[in-house]
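All residue numbers refer to positions in the sequence shown, counting from 1.
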Amino acid sequence: MKTEQDVLARLRTQAEPVLGKGAAARIRAFENGDLYVEARTASTIWAWLVDFLLVTGLSAAAAVAYYFKSYSVDAAVGASVIGVAGLFVLPLLYGWFYGNGRGLGALFNGIRLVRLSDGGRIGLGKAGWAMLIRTLGFVIIALGVLNGDVTVTNGVRTSIDVRETDRLRAAGFVRKP
């Protein structure tokens with residue numbers, strides 16, 4: 001009896017002439033059996049970095065704008081509150097605008113955040129939460145990567161390489177046999 005690892009190894013070997021060795025090695029299967037090409041770790045980290053910089057930059061810009069435009073005696077306190085609140089509110093809003101799993105970081109890197117169960121869109125409710133975790137957790141994940149941990153999935157969602165997954169499916173590799 002063949003294990004799932006054996007089946008995927010055979011599929012990777014068959015897909016290698018079409019995708020190349022690197023992309024074929026990243027072929028995975030969703031829980032429902034559909035195949036995809038997992039995003040490179042570097043692409044995922046770059047996507048997270050872009051989203052992190054966008055959110056923190058907007059939060060800092062709002063805080064600085066308030067500080068310089070405010071006539072309040074304690075403008076620094078108000079600016080601090082706006083900056084910190086922005087780190088929690090902006091990722092939620094940003095995620096809701098990109099419920100299809102393609103924030104600006106993902107668009108720039110050619111990846112998409114999808115449900116691990118079936119590869120579907122993560123949806124608006126989960127997108128805000130995912131972006132909050134992504135932006136606030138970026139520092140922790142970046143430190144982990146520097147320490148040698150390259151795990152960037154959480155068991156519920158994963159990032160796929162959109163172009164390579166499309167090529168995989170166009171070559172007729174859609175589901176596990």
Side-chain angles (χ1 to χ4, degrees), residues 22-23 26 28 30-31 34 36-168:
R26 294 182 282 123
R28 306 282 185 272
F30 293 117
E31 293 170 7
D34 289 348
Y36 68 97
V37 178
E38 186 177 52
R40 290 180 180 93
T41 302
S43 296
T44 303
I45 292 170
W46 278 113
W48 286 44
L49 177 64
V50 168
D51 294 336
F52 171 77
L53 291 175
L54 178 69
V55 168
T56 55
L58 288 174
S59 295
V64 168
Y66 175 82
Y67 180 77
F68 285 113
K69 295 292 183 178
S70 175
Y71 296 108
S72 175
V73 175
D74 55 354
V77 173
S80 298
V81 169
I82 288 171
V84 171
L87 291 176
F88 292 93
V89 174
L90 287 175
L92 291 172
L93 293 174
Y94 179 60
W96 290 333
F97 282 109
Y98 296 103
N100 66 352
R102 298 210 65 191
L104 290 178
L107 282 172
F108 291 152
N109 287 285
I111 65 175
R112 175 179 286 133
L113 188 65
V114 297
R115 289 190 311 256
L116 199 52
S117 62
D118 62 1
R121 294 178 179 210
I122 57 176
L124 293 179
K126 302 280 183 175
W129 175 249
M131 194 59 71
L132 179 66
I133 297 301
R134 175 177 282 196
T135 55
L136 294 180
F138 177 77
V139 174
I140 295 166
I141 290 170
L143 291 173
V145 167
L146 291 175
N147 198 31
D149 180 15
V150 293
T151 305
V152 290
T153 61
N154 63 0
V156 178
R157 294 174 292 273
T158 190
S159 293
I160 65 169
D161 186 320
V162 174
R163 186 174 142 262
E164 296 297 340
T165 299
D166 289 345
R167 287 181 59 210
L168 176 73

So, for Glu38 and Arg26, which heavy atoms are closest and what is the spacing to 0.1 Å? O-NH1, 2.5 Å

With a 4.5 Å cut-off on side-chain heavy atoms, are Ile122 and Arg115 touching? yes

What is the minimum heavy-atom distance between Ala47 and Ile111, and which atoms define it? CB-CD1, 3.7 Å

With a 4.5 Å heavy-atom cut-off, do Thr165 and Val37 have their side chains touching? yes

For residues 42-64, the salt bridge (charged side-chain N to carboxylate O under 4.0 Å, His left out) pairs (sequence neighbours left out) are Asp51-Arg134

Are the side chain of Asp118 and the backbone of Gly120 linked by a donor-acceptor contact shorter than 3.5 Å? yes

Given side chain to side chain contact (heavy atoms under 4.5 Å, CB included), test Leu104 with Tyr94 step by step and report yes or no. CA-CA 10 Å; Leu104 290 178; Tyr94 179 60; 3.4 Å; yes

With sequence neighbours left out, write down each residue that passes side-chain hydrogen bond (donor to acceptor under 3.5 Å, both in side chains) with Arg40, or none if nothing qualifies. none

Determine which pairs satisfy salt bridge (charged side-chain N to carboxylate O under 4.0 Å, His left out) with at least one residue from residues 75-91, sequence neighbours left out, and list them in order. none

Between CG of Leu116 and OH of Tyr36, what distance do you get to the nearest 0.5 Å? 5.0 Å

To the closest 0.5 Å, what do you measure between CZ (Phe52) and CE (Met131)? 13.5 Å

Results of side-chain contact (heavy atoms from CB on, under 4.5 Å) for Ala75 - residues two or more places apart only: Tyr67, Ser70

Side chains of residues 57-66: which donor-acceptor partners sit under 3.5 Å, not counting sequence neighbours?
{"unit_1": "Ser59", "atom_1": "OG", "unit_2": "Val55", "atom_2": "O", "d": "3.0"}
{"unit_1": "Ser59", "atom_1": "OG", "unit_2": "Gly86", "atom_2": "O", "d": "3.2"}
{"unit_1": "Ser59", "atom_1": "OG", "unit_2": "Leu87", "atom_2": "N", "d": "3.3"}

Roughly how far, to the nearest 0.5 Å, is OG1 of Thr44 from CG of Leu49? 12.5 Å

What pairs with Arg163 under salt bridge (charged side-chain N to carboxylate O under 4.0 Å, His left out), at least two apart in sequence or on another chain? none

Rounded to the nearest 0.5 angstrom, the CG-CD1 distance for Leu113 and Ile160 is 9.5 Å

